[in-house]
Amino acid sequence: MKPVRFGLIGYGAWGVHHARVLSGTDGAALVSIAGRSADSCDAARRDHPGAAIYDDYAAMLDREQLDAVAVVLPSHLHSEAGAAVLRSGRHLLLEKPMALDLADCDALISLARDRRLTLAVGHEFRLSSLWGGVKRMVDDGAIGVPRYALIELWRRPYRTGSGGWRYDPGRVGSWILEEPIHFFDLARWYLSGPGEPVAVTARGSSKRADRPELLDNFSAFVDFPGGAYAVISQTLAAFEHHQVVKLTGTEGALWASWGGAMDRTFHPSYSLKYFDGQTVVDIPIDRPTGEVFELEEQAAMMVRAVRDGTPPAVSGEDGRRSVALCLAARRSIETGETVRMDPTLDDR
Ligand SMILES: NC(=O)C1=CN([C@@H]2O[C@H](COP(=O)(O)OP(=O)(O)OC[C@H]3O[C@@H](n4cnc5c(N)ncnc54)[C@H](OP(=O)(O)O)[C@@H]3O)[C@@H](O)[C@H]2O)C=CC1
Ligand SMILES: O=C1CO[C@H](CO)[C@@H](O)[C@@H]1O
């Protein structure tokens, strides 16, 4: 069978991993990469001598024969580059956050729908043996009806990113859209059985008096219909990278934890403990877990989506809901109020 032909836009810290994975996934071929500076283009050429390298992604989309394109650019460029990919008739794997506002999310969803193309968003935690193991046990009824989730991250400060985009609110949107967005996605995945979140209440603080908008510390309560709720909490004012999900239900509890020297480590430690109301057992995790591993599952998922039309793990609608929760959290911090969500998806 002919391989699915992939293009990649963006060859920074995370694009390098997308490229590594796309060039090694069964059924995929990494055909071309678009960078921007001479440095990132040279690095792409050196690492992937078989791929065509461009310093202009529009030229790559014009000239290359591609089935699908991964967009791994600074977040303010997601909507513009994602739209260009879809308009060119290619399936799209778009890094999170899907876009910085809901109008841009809507435009991408419409473009993909009108052209019958796959739009997948890079919330790769859903492909994890650990975080996905939690989901499978919840779906199997292991903890009864889920009532509470704590999703917590302790980590070192963010990298600045190329040209400092991660520390510029105009380009990053907010730090809530940068990483807590993954946790809003997980909270929905675990708890939205009875329906989508109904309200968000958030608080945040900065460690720098001169940059109060950069929320090193962030916490949110997310209310679901029927009284279940999630607490999302993150600090960037710490060290290494340690994440937990603690989930309780009417009949049991799950405690998943993951840790490493950094988010992109190939040597993490992780565990999943399950309590059935009486005893605690360790649940074996069958595959290594961590974002560098989940990318492999994500690439395989994209190959299936292109070949067979299998729905993506995280759709444009999912990506949009997570953006909506982040924007609601930011509004809650600004106003000091709880923000009610519109379950019909019309919250703007
Ligand atoms: N799902 C996940 O777990 C993760 C997601 N991400 C997301 O991935 C995206 C990229 O993050 P990251 O790689 O860390 O950021 P970096 O700043 O490390 O890399 C961004 C890259 O984009 C390139 N770039 C900028 N403008 C253009 C353009 N017009 N055409 C082509 N390339 C361009 C830059 O090129 P140059 O170097 O030449 O300036 C740079 O190489 C972000 O949206 C981030 O949120 C990141 C990490 C993990
Ligand atoms: O998962 C992630 C790990 O951290 C990165 C920032 O350093 C985020 O961009 C990303 O979403």
Side-chain angles (χ1 to χ4, degrees), residues 7-21 32-45 47 53-61 69-82 84-85 93-100 120-128 131 151 153-168 171-186 214 216 234-236 238 240-243 258 260 262-265 268 289-299 313-314 319 322-323 326:
L8 169 65
I9 303 179
Y11 200 72
W14 195 227
V16 164
H17 287 282
H18 275 266
R20 172 182 59 76
V21 159
S32 57
I33 301 173
R36 179 178 56 172
S37 64
D39 282 354
S40 63
C41 292
D42 287 348
R45 206 169 283 116
D47 299 343
I53 309 300
Y54 289 82
D55 61 7
D56 171 8
Y57 72 75
M60 177 181 93
L61 295 176
V69 176
V71 171
V72 193
L73 291 175
S75 301
H76 67 297
L77 299 172
H78 287 189
S79 79
E80 158 195 321
V85 169
L93 170 58
L94 180 56
E95 260 310 336
K96 48 55 56 180
M98 180 178 175
L100 299 187
V121 182
H123 289 292
E124 77 285 348
F125 287 18
R126 289 206 192 192
L127 294 149
S128 151
W131 316 118
I151 304 175
L153 174 66
W154 164 279
R155 64 162 286 168
R156 72 202 171 108
Y158 289 145
R159 289 169 290 121
T160 53
S162 166
W165 69 269
R166 240 189 213 91
Y167 283 66
D168 172 5
R171 290 182 282 170
V172 74
S174 78
W175 279 359
I176 309 170
L177 283 161
E178 189 48 10
E179 196 149 24
I181 193 165
H182 285 300
F183 310 140
F184 284 111
D185 180 62
L186 281 185
L214 301 181
D216 300 277
Q234 157 172 314
T235 182
L236 310 173
E240 302 174 352
H241 197 101
H242 299 275
Q243 185 178 321
W258 187 97
M262 64 183 294
D263 40 6
R264 292 182 305 287
T265 181
T289 170
E291 61 186 45
V292 291
F293 301 107
E294 269 82 87
L295 265 193
E296 297 170 18
E297 312 286 339
Q298 190 172 255
V314 181
S322 295
V323 170
C326 292

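Keep in mind that the numbers below use all heavy atoms, side chains included, and drop hydrogens, waters and symmetry copies. All figures in this text were calculated on a predicted structure; none of them were measured in a lab. Both ligands and their constituent atoms are indexed starting at 1 by order of listing. Nothing fancy with the numbering, it's 1 onward along the sequence.
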*Backbone or side chain, does any N or O of Pro74 fall under 3.5 Å from an N or O of ligand 1?*
no
*asked:* How far is atom 19 (O) of ligand 1 from the closest protein heavy atom, and which atom is that?
replied: Gly12 CA, 3.2 Å
*Could you tell me whether Ser40 and ligand 1 have an N or O pair separated by under 3.5 Å?*
yes
*Over all atoms of both residues, closest heavy-atom pair of Ile176 and Phe184*: CG2-CE1, 3.9 Å
*Is there a heavy atom in Arg166 that sits closer than 4.0 Å to ligand 1?*
yes
*Identify the closest protein heavy atom to atom 7 (C) of ligand 1: which residue and atom is it, and at what distance?*
Lys96 O, 3.8 Å
*Closest protein heavy atom to atom 9 (O) of ligand 2, given as residue, atom name and distance to 0.1 Å*: Glu178 OE2, 2.4 Å
*Among the heavy atoms of His182, does any lie under 4.0 Å from an atom of ligand 1?*
yes
*So, is Ala13 polar-close to ligand 1, with some N/O to N/O distance under 3.5 Å?*
yes
*Name the closest protein heavy atom to atom 31 (C) of ligand 1, giving the residue it belongs to and the distance to 0.1 Å.*
Gly35 O, 3.1 Å
*Test item, Lys96 contacting ligand 2 (heavy atom, 4.0 angstrom)*: yes
*Could an N or O of ligand 1 be found under 3.5 Å from any N or O of Leu73, whether backbone or side chain?*
yes
_Aromatic plane relationship, Trp258 with His241 - under 30° parallel, 30 to 60° tilted, over 60° perpendicular_ = perpendicular
*Do me a favour and list the nearest non-hydrogen protein atom to atom 26 (N) of ligand 1 with residue, atom name and distance?*
Leu77 CD1, 3.5 Å
*For ligand 1, find out whether one of its N or O atoms is nearer than 3.5 Å to an N or O atom of Ile9.*
no
_For atom 44 (C) of ligand 1, which of the options Glu124, Glu95, Glu178 provides the nearest non-hydrogen atom?_
Glu178
*With backbone taken as N, CA, C and O and side chain as the heavy atoms from C-beta onward, which portion of Arg155 lies under 4.0 Å from ligand 2: side chain, backbone, both, or neither?*
side chain
*Do His182 side-chain atoms and His123 backbone N/O form a donor-acceptor pair below 3.5 Å?*
no
*What is the nearest protein non-hydrogen atom to atom 13 (O) of ligand 1, stated with its residue, atom name and distance?*
Trp14 N, 2.9 Å
*Starting from the C-alpha separation in whole Å, work towards a yes-or-no answer on side-chain contact (heavy atoms from CB on, under 4.5 Å) for Leu100 and Ser75.*
CA-CA 7 Å; Leu100 299 187; Ser75 301; 4.0 Å; yes
*To which protein heavy atom is atom 43 (O) of ligand 1 closest, and what is the distance rounded to 0.1 Å?*
His78 NE2, 2.8 Å
*Kindly give the heavy-atom pair with the smallest separation between Cys326 and Leu177, and that separation in Å.*
CB-CD2, 3.7 Å
*Does Arg166 have a non-hydrogen atom less than 4.0 Å from ligand 2?*
yes
*Side chain of Trp175, backbone of Arg166: donor and acceptor closer than 3.5 Å?*
yes
*Options Ser162, Ala70, Ala43, Gly10, ranked by nearest heavy atom to atom 36 (P) of ligand 1, top entry*: Ser162
